[in-house]
Structures are given as C-alpha cells and as structure tokens.
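First comes the structure, then the notes that go with it.
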Amino acid sequence: MTDKLIIFDTTLRDGEQSPGASMTRDEKLRIARQLERLKVDVIEAGFAASSNGDFEAVKAIANVIKDSTVCSLARANDRDIARAAEALAGANSARIHTFIATSALHMEKKLRMTPDQVLEQARLSVRFARNLCGDIEFSPEDGYRSDVDFLCRVLEAVIDEGATTLNIPDTVGYAVPELYGHFIRTLRERVPNSDKAIWSVHCHNDLGMAVANSLAGVKLGGARQVECTINGLGERAGNCSLEEIVMAVKTRRDYFGLDLGIDATQIVPASRMVAQTTGFVVQPNKAVVGANAFAHASGIHQDGVLKARDTYEIMRAEDVGWSANKIVLGKLSGRNAFKQRLQELGITLESEADVNAAFLKFKDLADRKSEIFDEDILALVGNDTRTGEQEHYRLVALSQQSEMGERPQASVTFSAGTQEHVVTSSGNGPVDASIKAIESVVASGAELLLYSVNAITSGSTESQGEVTVRLQLGGRVVNGVGSDPDIVVASAKAYLAALNKLHSKNEKVAAQG
Ligand code: KIV
Ligand code: ZN
C-alpha cells in the first residue's frame, strides 16, 4: 500500500452530468488544463461513447494533457470500451473506467440481468479493456447497496482479469461515514486478491456526507484514491468536493498521514473557472472556495487574527489560491500584453481568430471599465469568445428605457444564423423586457428555471455582473452565462447563450440511464 492519496477528478464527467452543466469541447479543454496545473493525478475527461461531442472532448484532452492520466468512462460493453480506447489513443497516460451495476435493485429493474450475467459481463469487459489499455478501473455501480458476497465475487473476478483500480460508488449518496469505511475494509479483507489493485471511493452528496464518507473510506477502509469534483459539482446534491478532500488531508496530515501531489494554490482558480463555465455559482459559506471562507466578520475574530493568525485560521487563504483582486490590464494594454496575461492564467485559445475575438471584447470592456481584473478576463474568455459551432444567436445591440413608475421598454438587436432581428418589447423590468423581445422572435417554448446575478469582483459597483440563466425544454436543461458591466446586457447575453445550447442539440447517452 502506498502512502499517497490519488486524486481522481471527475468534474468533466460526473460533474457535467448535473442538469445544465454541460460544457463544450473548448470549455472542457480549458478546465482540463487547469486540472493539470492543479496536479490532479487522474482527469476523467468524459464518457466517449455517450456522444460525438464527448468523444471529441476526451480525444482533445488526451492529446494535450501530459502530466495527468486521462480517463474515459465506458459501460461494460465492447463498443463503449473500444470507443474510449480510440478517444484516448493520443494520451501520454490513459485509463479506461468501465462500470456495471451490481445492486439487486439495479440489476433487476434497470439492467434486467441476473447476477451471474452481470458477473460474466463485468469479467469479459475488463478482459477486453485490458487488451486495449494497461490501466483499467472497474466500478460496480450502486456498489454500496450491493450484496457484499456477490460484490466480492465480482471484484475478485475483475482483478483476475487485470483491473488495476477498484472503485466503490455510493451512487445514491446513502452511506454514512463509519459504515462506508467499514464496507471498504470488509471488501478489501474478503476479496482474496485485493492487494493487486488500488481501492477507490466515489461518494455522492445526497445526505451532505460525500466528503465525510470518502475520508472514512480512506481512513477506516484503506482506500488510496478519492473521486471528486471541483466545487462538488454533480447531479442532485453533487459529488464529493475536491477542495474539501484535499484541504482536509493536507490540514490534518497528523491524522491521515497521507501525501498528495496537488498544488493547492490552483484550487481557487479552478473553482472560479468551473463556476464561471457552468454557471453553477459557489455558495458564499462553502468551505475553502466560498467568498466568505476566509472572511472574519466578527470583531472578536478579526482582533484575534490580527494578533496571531492561527487563533482563528487553520489554513491560509493564499495557500489555496486566494489573492486580492488585482488590476492586471487597462484601456491602454495592447494585444501582446493581453495574450501574455491569457498565457499566465493558463488560457490557451485555439486559434488566432479566437485571440482576436477575445481581444476585441477586452477592448470593448476596457472602454467601459477602468480596471480589468483576472476574473474579468476569465469571464470574457469563458462566456463570450467562442467562435465555434454554438454561436447561432448573438447579441448585437441593446437599449432600454426605465423610469420609476413607468413600464420599461427594451429594444434588442440580435442575429440568428445569418439573419439580424431588431425587436422591441415592454416588461416588468428592463431584463424582463429584453428577454420578452428576444422571445418574440425565437419563440423557444423553453421554461426559465433559474435567473441569477452575481458581481464578478467584489468591493465595487464598477464590477461586471455575471448572469446565469437556466432553461428547460423537452427534458433538456441548459445553462447560459453572460457577463457585462450592464446587467441587462449580461442578462440578454446569458439568455442567448442558453438558447445557443438548446440549439446545438448535443445529445448524449446518460451514464446511468
Ligand atoms: O455514481 C456512480 O455510480 C458513477 C459510476 C459510473 C462510477 O458515477
Ligand atoms: Zn457518480
């Protein structure tokens, strides 16, 4: 057993399964690069067989990431596994992660297979995968609710076939820490060849215990890999949060006694990037990455912290990547300075055309906002610079009129494909009027599930507003994010971004469907 804890990040696969969190290939590539800077050991880049879009994203990530292992999920069948291997062909270090459900409930109701059939399919799939890739992870889906005797048989069989990592998911977030920890220990004790594989934990957060359960799996169960996501992103209540696991293991090294390869100073940049890309904002009191995580509001605390930091602080903000908002660029900055700052932030735009598009947006922003922060640049490239497929709708101009006591009016000019529309509408407020104007042409029929506004940088009303819009149409949920110093413009951009996602029809097969 090694004393290193392997961090397996699944933001781009399990995190992305969260309704509305779907990302484009370029967005995923940007996040993968940040995960590499964070030095995660394994990046689960997607589920290659689920859609052409996912295949392309896994392939692109496999081709550029050098320091982390790149992994693709695959159901336990030859087609999925072959597709994963194909997408991973260019990787420096590749892993195929194959899974099949093993709980009585899932086998009977979902798979309609007998336990013996499931055992055989697991065995054959791992055998097939092992011929394509030397690093194979196997997950018994809903493993925590599976019969322990049956689970031991399956796990023993897949290790015999060459599985190198065994991951035990608490798929529905039902576990409690002590029981989950002992469950992992029992499996490791009862599977005869258990020492031939690394054991991994994968916990969902339905009861708010994903991090606690994962840590119990490590401490009590002896697992040496944790599967987690940035900001705990994931379906329902989310997955185990990477930043909390990492900082718990680092801060309480006295208790866990484990090493990590992670560069924790990249945690906050990663958190911001994921939040800005997906539109899933981080709650202010979230551990480690929430805006208040290091804010000492009460006078007594502030006094203590000023006298001696460790009176009230167990971690240092700068150690996880918090830095004061820094003015980095301004109106007079040229294209080279802009490009260099992108590089320093680890942002690689795919083409010179994308850099030019981003620079034009930057210039436009700098004309209206005197101080440009890193957060502004991240929002600019995160939300607004794609020259690619999904820009069917694009905001060209917006003006609005509002006066206390009067019904606001908005006039919106936007393009839809090659056609430009100029539309006017009234509404309860200027945002409502703008959206109604857009909808008077598009008539999407989509239901608005969420509308939220946040300031990108704190401490000034000069900050850009970042708006998230979540739309639902025919069972699909998408998020659109838009930013601008004018929140009505940001709202229209966010709304059009969400419509673009609905328009792109990038359907994929659900991993656990
Ligand atoms: O939660 C789960 O069971 C999963 C598996 C596919 C690993 O995400
Ligand atoms: Zn999961």
Side-chain angles (χ1 to χ4, degrees), residues 1-11 14 35 38-44 68-69 137 139 143-144 164-170 173 175-189 194-195 197-205 207-232 234 238-268 270-271 286-290 293-294 309-310 312-322:
M1 193 187 293
T2 152
D3 275 325
K4 184 184 171 192
L5 184 65
I6 297 168
I7 299 295
F8 176 110
D9 180 277
T10 183
T11 307
D14 219 357
L35 293 173
L38 181 59
K39 296 195 182 358
V40 303
D41 301 283
V42 186
I43 298 173
E44 190 163 47
S68 310
T69 295
E137 174 167 329
S139 289
Y144 180 65
T164 40
T165 299
L166 295 182
N167 178 47
I168 311 300
D170 176 24
V176 292
E178 195 183 353
L179 298 183
Y180 184 71
H182 284 133
F183 189 67
I184 304 290
R185 172 152 295 275
T186 303
L187 295 175
R188 285 184 53 237
E189 282 170 359
S194 66
D195 59 329
I198 290 173
W199 290 72
S200 165
V201 288
H202 177 114
C203 298
H204 282 263
N205 203 33
L207 294 173
M209 291 189 278
V211 171
N213 288 337
S214 303
L215 291 172
V218 170
K219 182 70 181 174
L220 305 178
R224 286 296 176 266
Q225 174 177 286
V226 174
E227 303 203 349
C228 44
T229 60
I230 302 288
N231 300 338
N239 283 55
C240 170
S241 119
L242 179 144
E243 56 280 3
E244 293 178 22
I245 283 287
V246 164
M247 291 319 290
V249 172
K250 263 185 179 285
T251 310
R252 296 307 310 269
R253 199 178 183 288
D254 60 318
Y255 177 71
F256 290 104
L258 291 167
D259 293 324
L260 291 164
I262 296 291
D263 175 358
T265 62
Q266 294 296 330
I267 286 179
V268 168
S271 163
K286 167 88 170 63
V288 186
V289 294
F294 292 89
R309 264 186 114 132
D310 53 3
Y312 287 101
E313 265 187 20
I314 56 165
M315 300 171 271
R316 295 188 322 165
E318 54 270 39
D319 291 348
V320 295
W322 282 105

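Remember, it's a predicted structure, so these values are computed and weren't measured experimentally. Only this structure's heavy atoms are used, side chains among them; waters, hydrogens and symmetry mates stay out.
Taking 4.5 Å as the limit, every side-chain heavy atom of I198 sits out of range of all side-chain heavy atoms of L166. Proximity of N213 to V201: side-chain heavy atoms (C-beta onward) are nowhere separated by under 4.5 Å. Between V320 and E243, every side-chain heavy-atom pair lies at or beyond the 4.5 Å cut-off. You'll find the side chain of L5 stays beyond 4.5 Å of the side chain of F256, heavy atoms only. A 4.5 Å side-chain heavy-atom check between L242 and L38 finds at least one atom pair inside the cut-off. You'll find the side chain of L215 reaches within 4.5 Å of the side chain of V249, heavy atoms only. No side-chain heavy atom of N239 sits less than 4.5 Å from a side-chain heavy atom of E227. Counting heavy atoms from C-beta on, the side chains of I314 and R252 never come closer than 4.5 Å.
Closest approach of S139 to N167, counting heavy atoms only: OG-ND2, 2.9 Å. Residue I245 comes nearest to C240 through the heavy atom pair CG1-SG, 3.3 Å, listed as atom of the first residue, atom of the second, then distance. In this structure, A287 and A293 approach most closely via the heavy-atom pair C-CB, 4.5 Å. Between E313 and R316, the shortest heavy-atom contact is OE1-CA, 4.3 Å. Considering all non-hydrogen atoms of both residues, L220 and R185 come closest at O-NE, 2.7 Å. In plain terms, the two heavy atoms of K39 and I262 that are nearest each other are O-CD1, 3.6 Å.
Between the D170 side chain and the A175 main chain, a donor and an acceptor come within less than 3.5 Å of each other. A side-chain donor-acceptor contact under 3.5 Å links W322 to the backbone of V288. Using a distance-only test at 3.5 Å, with no hydrogens or angles considered, a donor-acceptor pair links the side chain of N231 to the main chain of S271. Of the possible polar contacts, one joining the W199 side chain to the S194 backbone as a donor-acceptor pair under 3.5 Å is found. At distances below 3.5 Å, at least one donor-acceptor pair connects side-chain atoms of K219 with backbone N or O atoms of Y255. Between the side chain of R188 and the backbone N or O of G221, at least one donor-acceptor pair lies under 3.5 Å.
Comment: D259 engages R253 in a salt bridge, judged by a side-chain N to carboxylate O separation of less than 4.0 angstrom. Ion pair D41/K4 flagged as a salt bridge, since at least one NZ, NE, NH1 or NH2 atom sits closer than 4.0 Å to an Asp/Glu carboxylate oxygen.
Within a 6.0 Å radius of CD in E318, more than 12 heavy atoms belonging to other residues, nucleotides or ligands are found. Within 6.0 Å of the NZ atom in K286, the count of heavy atoms belonging to other residues, nucleotides or ligands exceeds 12.
Atom CZ of F183 sits about 7.0 Å away from atom OH of Y144, to the nearest 0.5 Å. Here the CZ-CD distance, from F8 to E137, works out to 4.5 Å after rounding to the nearest 0.5 Å. Distance check: I168 CD1 to C203 SG gives 10.5 Å after rounding to the nearest 0.5 Å. Taken from OG in S214 to CE in M209, the straight-line distance is 11.5 Å, to the nearest 0.5 Å. Note: D319 CG to D263 CG = 10.5 Å, rounded to the nearest 0.5 Å.
Paired with V42 under the rule side chain to side chain contact (heavy atoms under 4.5 Å, CB included), one option of T10, L35, T69, D9 passes, and it is T69.
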